[in-house]
Structures are given as C-alpha cells and as structure tokens.
**Q** 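Can you read through this structure? Questions will come right after.
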Amino acid sequence: MIGATSLAEGRRLIAEASRDLAGAGFAPATSGNFSMRVGPTRAAITASGLDKATLSETEVIEIDLRGRATSGEGRPSAETTLHTQLYRRSPEVGAVLHTHSRVQTVASRVLPTEGRIVLAGYELLKALTGITTHDTSLVVPVFPNTQELEVLARQVEAWLDAGHVTYGYLIDGHGMYTWARDMPEARRHLEALDFLLACELSARGFAP
Ligand SMILES: [Zn+2]
C-alpha cells in the first residue's frame, strides 16, 4: 500500500511535521491536525487540543478508519472524520494535513468566486504531483464552514466523486486540508498551495 508505514515511524514523522509546521505558522493556538496511514485499516493522528509546536510522538494516537481511537493517549479531534474519509476513499492517500495558516484563512474569505479559487499559470503548480507545466490551472474548492462535520464531509465527498483533480480544499474562514501519498509529498503540496494562495492575495492587492 502506497504511503503506509509502521505506527512508530508514523508517530515520529507526524510529531516532526507538527513541530515544523506549527513553527511556520500553520497551526496557531492548538489548531490543525496531522495524520498518516499506518496500515490498510489504521491511521495515526495528532491528539486533540495540544500545542502542535511542542508535540511529542506519545501525543500521536492510532485510530481506525472510522476515527475511533485504537491505541495511544488522548482523544482524536472532531475533525478526524475529514482525515479518515480520504483514507477510506483511496489507498493512495498516505498523509493528510489540516492547517489554519493566516494566508489560508484570509484567502478563503476574499478570493473565492462561486466557492472556488483558480490557480493558473504559476511555475510552482509543478510542485503538485502529476502537474508538469505552469501552463495549466487548478481549481481549489472552498466549502462553507460548519461545526457539523458530517455535512462538510458529504460536500467533500461529492466534490471528489465529481472527478475533480484535487490536492486540497479550503473551508471558509477556517483553513485547508491537503493530502498526498506520503508525508514529504503532503508537506510539499501544503507549502505549494499556501504559497500560491499568498501569491493570489498579493496579486489582488491583499497583504497576505
Ligand atoms: Zn480546523
């Protein structure tokens, strides 16, 4: 299975990503959550409500693909369902990053037209696996925020079922979900999408 790793290695990579990404402003005030697939029916995810900048491996818990904790200390966040739906959909999803950067939050508010942001003509689109030229465009959907995560999950499911090429999505006034086959690729996708959203904000006169 692509991206699957051992629970111990998953915990190490998730804790490392958590500290790095929080240090770069992707997870302010204990927000965000990061996960990896650790088997055909298991994932590992950061426990809820912790400071992601100081997260240790013991604060990463194992869950099944319905989001129930199967080992480890702490409890999974309510947003876990948005991770597990991606793992259930495709064996090629090996890592999921949910972030709340300032760029993502502002972009979700000011950039969408009819619930979509189009990123076109950027060289850095090539950082996204499968894109080989700047001469293309990527549609990033922006879903309305809600505390009813099952409602959000159904909207994401419908978008993915429609066959869009998708590396991530935004939630209005909230943040972004990004995924890939493994953690290094997911981190690259996250950095690229965040950078491109910042470029769009700057190009339209907003200070990101
Ligand atoms: Zn969130």
Side-chain angles (χ1 to χ4, degrees), residues 10 13-37 43-55 59-63 65-69 72 74-89 93-112 115-117 140-160 166-180 183 186-187 189-198 201 208:
L13 288 169
I14 290 167
E16 180 182 80
S18 176
R19 293 190 296 265
D20 290 351
L21 296 174
F26 284 106
T30 78
S31 66
N33 28 66
F34 311 114
S35 70
M36 286 184 71
R37 182 190 292 280
I45 189 165
T46 48
S48 179
L50 301 173
D51 182 351
K52 302 303 184 298
T54 57
L55 198 94
E59 294 168 318
V60 178
I61 54 180
E62 186 188 42
I63 55 172
L65 296 191
R66 295 282 161 195
R68 294 170 294 221
R75 61 183 175 79
S77 140
E79 292 174 319
T80 298
T81 191
L82 299 173
H83 292 248
T84 53
Q85 79 169 145
L86 295 166
Y87 294 120
R88 287 199 307 272
R89 275 190 72 90
V93 175
V96 180
L97 304 174
H98 172 47
T99 47
H100 282 219
S101 77
R102 180 167 161 158
V103 162
Q104 292 157 19
T105 307
V106 176
S108 73
R109 311 238 79 179
V110 302
L111 293 181
R116 298 168 185 209
I117 297 170
V140 179
V142 185
F143 300 111
N145 197 20
T146 173
Q147 302 306 315
E148 293 181 53
L149 293 165
E150 290 305 323
V151 171
L152 191 48
R154 281 198 295 275
Q155 290 182 300
V156 173
E157 205 71 24
W159 175 267
L160 296 172
T166 305
Y167 300 87
Y169 60 84
L170 287 164
I171 307 169
D172 181 33
H174 180 157
M176 186 162 73
Y177 279 79
T178 321
W179 58 89
M183 184 58 86
R187 291 180 64 163
H189 286 178
L190 169 62
E191 277 190 34
L193 288 171
D194 196 85
F195 175 85
L196 294 171
L197 291 170
L201 285 172

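Ligands are counted one by one from 1 in listed order, and the atoms in each one are counted from 1 as well. Computed from a predicted model, the values in this text were never measured in an experiment.
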**Q** Could you list all the salt bridge (charged side-chain N to carboxylate O under 4.0 Å, His left out) pairs where at least one residue sits in residues 13-30, not counting sequence neighbours?
**A** R12-E16, D20-R187
**Q** Using atom types as modelled and distance alone, determine if a side-chain donor or acceptor of R37 lies under 3.5 Å from a backbone N or O of V93.
**A** yes
**Q** Kindly say whether T178 contributes a backbone atom to a donor-acceptor pair with the side chain of H98 at under 3.5 angstrom?
**A** no
**Q** Over 60° means perpendicular and under 30° means parallel, so tell me whether F143 and Y169 are parallel, tilted or perpendicular.
**A** perpendicular
**Q** State the atom name: nearest N, O or S atom of E79 to the Zn ion (ligand 1).
**A** OE2
**Q** Would you give the angle at the Zn ion (ligand 1) between H174 atom NE2 and H100 atom NE2, to the nearest 10°?
**A** 100°
**Q** Closest to the Zn ion (ligand 1), which N/O/S atom of H98 is it?
**A** NE2
